[in-house]
Amino acid sequence: GYWVSYLPLDDKIPFCEYFIIPYCTWYPLLLCMTLYLCFFDKPGFIRFMSFIGVGFLSVCVLYAIFPNGQDLRPAVFERHNFFTWLIGRIYAADTNTNVCPSLHVVGCSALICASFDSPELRKRHIPWIMLPLGILVSISTVFIKQHSVLDLITAVPYSAVVWLIVYHVMFPNKKMRPERVRPKTKS
């Protein structure tokens, strides 16, 4: 018993097993961002973890109040290869329920916001890598039929609200970062 997340556009998007690769990059990206911020940008880490906490917890509460799911998964795979095997494992571990809004998109939004928030990552142009990668990971969810387009469309404004809450309400003073002490130069 769940409300079905679906848009007619879902029928026009083909199943493509190769999108499992960007889909799976979500997990190491979250881990790498967490570790980097934990060791090199403590205030950024706190904001990132707050985004993840507020975003994921509030989505899970929403799922409990408004159970939803999607019926887009193929009954059988046309081809059998490593990619379809991996999708089969994902399907077995992650059901087709509680999909709207997409936690993958909320997580990608957290990654993108954290990369733009971190001065060191900005200096290295990481946000301009994270932005297209986050978009690719997000759209991969519809190509492997893990999510409906509706799940993505709802997750974007949802993530914007979480961003406002975390970066402007919870932590309005971005100067949580300790000032760097620069050695005085002799003049």
Heavy-atom distance under 4.5 Å between the side chains of [X] and [Y], does that happen here?
| X | Y | value |
| --- | --- | --- |
| His125 | Ile129 | no |
| His147 | Val105 | no |
| Phe19 | Cys16 | yes |
| Pro101 | Tyr63 | yes |
| Trp85 | Phe77 | no |
| Ile13 | Ile139 | no |
| Thr154 | Leu150 | yes |
| Tyr6 | Val149 | no |

Are Phe51 and Trp163 an aromatic pair by the rule of ring centers under 6.0 Å?
no

Less than 6.0 Å separating the ring centroids of Phe45 and Phe39?
no

Face-on cation placement of Arg73 at Tyr91 ring, 6.0 Å and 45° thresholds:
yes

Kindly say whether [Y] contributes a backbone atom to a donor-acceptor pair with the side chain of [X] at under 3.5 angstrom?
| X | Y | value |
| --- | --- | --- |
| Ser118 | Ser115 | no |
| Arg122 | Asp117 | yes |
| Tyr158 | Gly55 | no |
| Ser58 | Val54 | yes |
| Tyr2 | Gly69 | no |
| Lys12 | Pro8 | no |
| Gln70 | Lys145 | yes |
| Asn68 | Val4 | no |
| Thr84 | Arg79 | yes |
| His104 | Val137 | no |

Is His168 atom NE2 crowded by more than 12 heavy atoms from other residues, nucleotides or ligands, each under 6.0 Å away?
yes

Could you give me the CA-CA distance, side-chain angles and deciding distance for Glu120 and Asp41, then say whether side chain to side chain contact (heavy atoms under 4.5 Å, CB included) is met?
CA-CA 9 Å; Glu120 289 301 314; Asp41 185 352; over 6 Å; no

Step-by-step ring-ring contact (aromatic ring centres under 6.0 Å, His included) determination, Phe143 to Tyr23
CA-CA 10 Å; Phe143 281 98; Tyr23 179 89; over 10 Å; no

Walk me through it: do Cys24 and Leu86 pass the test side chain to side chain contact (heavy atoms under 4.5 Å, CB included)?
CA-CA 9 Å; Cys24 287; Leu86 190 53; 4.0 Å; yes

Under the side chain to side chain contact (heavy atoms under 4.5 Å, CB included) criterion, do Ile21 and Phe83 qualify, and how do the steps go?
CA-CA 8 Å; Ile21 300 303; Phe83 304 106; 3.7 Å; yes

Straight-line distance of [X] [atom1] to [Y] [atom2], nearest 0.5 Å:
| X | Y | atom1 | atom2 | result |
| --- | --- | --- | --- | --- |
| Ile112 | Trp128 | CD1 | CH2 | 10.5 Å |
| Ser148 | Asp11 | OG | CG | 9.5 Å |
| Asn81 | Ile87 | CG | CD1 | 8.0 Å |
| Leu152 | Thr141 | CG | OG1 | 4.0 Å |
| Leu111 | Ile126 | CG | CD1 | 12.0 Å |
| Ser109 | Ile135 | OG | CD1 | 9.5 Å |

Linking I/L/V/M/F/W/Y whenever any side-chain heavy atoms sit under 4.5 Å apart, do Val162 and Leu57 land together?
no

Side-chain heavy atoms nearer than 4.5 Å, only ILVMFWY residues, links allowed to pass through others: does that put Val169 and Tyr167 together?
no

Between Ser5 and Asp151, does any side-chain donor sit less than 3.5 Å from a side-chain acceptor?
yes

I'd like to know whether Ile90 forms a side chain to side chain contact (heavy atoms under 4.5 Å, CB included) with Gln146, so could you lay out the CA-CA distance, the side-chain angles of the two residues, the decisive distance to 0.1 Å, and finally the verdict.
CA-CA 9 Å; Ile90 295 288; Gln146 187 67 0; 4.3 Å; yes

Minimum heavy-atom separation for [X] and [Y], please, with both atom names.
| X | Y | answer |
| --- | --- | --- |
| Leu103 | Trp26 | O-CZ2, 3.5 Å |
| Thr25 | Pro28 | O-CD, 3.2 Å |
| Ala110 | Ile52 | CB-CD1, 3.6 Å |
| Leu37 | Gly44 | CD1-O, 3.9 Å |

